[in-house]
Chemist: 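Shown below is the structure under consideration.
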Amino acid sequence: MGTRSAGRLNAHHSAAAGLIQAHATGSELSWRAPLEAALEQLPADRRRQPRSWQPAGTAGLQCTTPGSGPLLDLASNDYLGLASHPALLEAAGQALQHEGVGAGASRLVSGGRGVHERLEEALANWLGRDRVLLFPSGFQANLAAVQALADRHTLVLADRLIHHSLLVGIRASGARLQRFAHNQLSDLEHRLQRARAEQPQRRLLVISESLFSMEGTSPELVELSALCERYGAALLLDEAHALGVLGPCGRGLGYGVDGVSLISGTFGKAFGSGGAFLAGDALVGEWLLQHSGPYRYTTALAPPLAAAALAALKQIQQHPERASQLLERAGRWRDRLEAAGWPRPPGCGPILPLLVGDNSRALALQQQLEQAGLLSVAIRPPTVPAGTARLRLVLRHDLPAGSLELLLRALGTP
Ligand SMILES: Cc1ncc(COP(=O)(O)O)c(C=O)c1O
């Protein structure tokens with residue numbers, strides 16, 4: 001390069017550096033300050049500190065911090081213990097060898113694989129729905145689901161405690177949102193009635209979950225769907241925590257219920273894998289395929305995860321006793337916790353929240369359990385409403401005998 005051009009380049013460089021400098025100083029003032037202020041204001045008992053874990057034996061997790069011992073896993077959503085099941089490891093390993101790690105492109109470009117089609121077909125048959133579409137995560141599937149069923153002219157009536165991803169989807173759709181009291185169908189009906197009276201032709205969407213992840217509760221689904229049908233509202237049901245565990249042979253609470261328009265499921269929980277899907281009728285399936293940004297503009301689900309999810313589905317189909325044993329265990333744990341003086345955790349699934357109220361007390365209880373060799377995480381606002389911090393106990397199928405007694409001793413209420 002000649003000196004003249006090198007000089008010009010240097011001049012450009014220093015001019016650009018000056019601009020960047022000036023811009024950085026200006027933008028630091030405009031965008032860093034609110035973040036710093038918000039972080040400074042965050043109370044210590046609401047601050048999150050991620051830790052890393054590795055599986056340790058059956059139903060165990062070990063923190064990677066030096067000096068930590070293995071803890072019994074009462075925190076993750078691997079309800080059936082499938083994440084490390086040999087059938088899933090084998091399926092994911094085979095897919096890894098033959099299909100590669102990633103799909104390399106969107107499903108509508110060149111990212112589609114045979115395993116995606118097999119998984120979609122198997123899920124559609126299992127759930128009795130026309131069409132299943134895969135997504136890289138449940139968060140994304142929920143964005144797609146809401147956007148399929150709502151636009152800016154729609155009124156969405158959502159349970160007060162729905163998952164954050166659904167709220168983000170509602171916001172992205174531009175729809176108006178009203179929230180009804182948690183699982184209170186009379187409140188929902190009142191709102192449906194009013195909405196129909198005000199605008200008879202308005203598009204209505206009701207959103208709920210079949211097992212609320214922080215509450216352990218479920219709606220009366222048959223009544224809920226009948227209400228939606230009566231008022232001409234679509235019903236989106238997030239079955240993330242129910243699939244594999246609740247409903248006939250783990251098919252979820254929406255199985256066979258007519259008024260459920262669209263089901264959202266994830267492979268990140270009872271399926272022990274990762275990724276997600278939406279299941280609906282042919283019309284909604286085709287609409288998603290033709291119009292959904294979250295489906296179209298993302299790399300297809302990694303083939304090893306899809307293969308593991310398919311293997312998990314086979315396990316769930318071949319071993320329905322795992323879910324029923326888990327639910328029996330959940331019933332026994334509820335009885336014993338209640339007998340020990342705790343408010344009975346609501347619902348009947350594997351999520352048993354112990355309501356504590358105060359954030360610091362919930363954190364202290366988490367530590368108390370860790371010292372006794374148990375991992376259960378304190379859930380605090382904003383994940384749950386202020387003043388309702390809780391210890392979220394999650395049961396798994398493969399917990400060793402004596403786990404409940406260990407917990408009761410750790411809680412100081414044997
Ligand atoms: C109710 C519910 N829906 C959706 C999701 C998102 O699923 P994924 O973890 O696959 O993104 C979660 C996970 O936290 C959830 O609890």
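Along the sequence shown, residues carry numbers from 1. Whatever order the structure lists them in is the order used to number ligands and atoms, beginning at 1.
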Chemist: In the protein, what heavy atom is nearest to atom 9 (O) of ligand 1, and what distance, to one decimal place, separates them?
Modeler: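 Scanning the protein heavy atoms, the shortest distance from atom 9 (O) of ligand 1 goes to K269 NZ, 4.0 Å.
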Chemist: Who's the nearest protein heavy-atom neighbour of atom 6 (C) of ligand 1, and how far?
Modeler: F139 N, 3.5 Å
Chemist: If I take atom CG from residue L42 and atom CG from residue D45, how far apart are they, to the nearest 0.5 angstrom?
Modeler: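 Answer rounded to 0.5 Å: 8.5 Å.
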Chemist: Identify, by atom number and element, the atoms of ligand 1 in contact range of E209, meaning under 4.0 Å from any of its heavy atoms.
Modeler: 1 (C)
Chemist: Closest non-hydrogen protein atom to atom 16 (O) of ligand 1, residue and atom name please, with distance?
Modeler: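 Nearest protein contact, heavy atoms only, for atom 16 (O) of ligand 1 is H241 NE2, 2.7 Å.
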Chemist: Check the side chains of N142 and S264 for a donor-acceptor pair under 3.5 angstrom, ignoring hydrogens and angles.
Modeler: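 Yes, N142 and S264 have a side-chain donor paired with an acceptor closer than 3.5 Å.
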Chemist: So how far is it from L313 CG to Q318 CD, rounded to the nearest 0.5 Å?
Modeler: 9.5 Å
Chemist: Looking at N142, which atoms of ligand 1 are within less than 4.0 Å of one of its heavy atoms?
Modeler: 3 (N), 4 (C)
Chemist: Note the single closest protein heavy atom to atom 3 (N) of ligand 1, along with its residue, its atom name and the distance in Å.
Modeler: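 It is D238 OD2, 2.6 Å.
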Chemist: Specify the protein heavy atom at minimum distance from atom 7 (O) of ligand 1: its residue, its atom name, and the distance to 0.1 Å.
Modeler: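 Going by distance alone, atom 7 (O) of ligand 1 is nearest to G138 CA, 3.4 Å.
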Chemist: May I ask you to decide whether K269 forms a salt bridge with E239, counting only side-chain N to carboxylate O separations under 4.0 Å?
Modeler: no
Chemist: In sequence, state the C-alpha distance, the side-chain angles, and the governing distance for Q371 and Q367, and then conclude on side-chain hydrogen bond (donor to acceptor under 3.5 Å, both in side chains).
Modeler: CA-CA 6 Å; Q371 276 153 16; Q367 270 170 12; 5.5 Å; no
Chemist: Using distance alone, decide if ligand 1 has a nitrogen or oxygen within less than 3.5 Å of any nitrogen or oxygen in A276.
Modeler: no
Chemist: Can you find a non-hydrogen atom of G268 under 4.0 Å from ligand 1?
Modeler: no
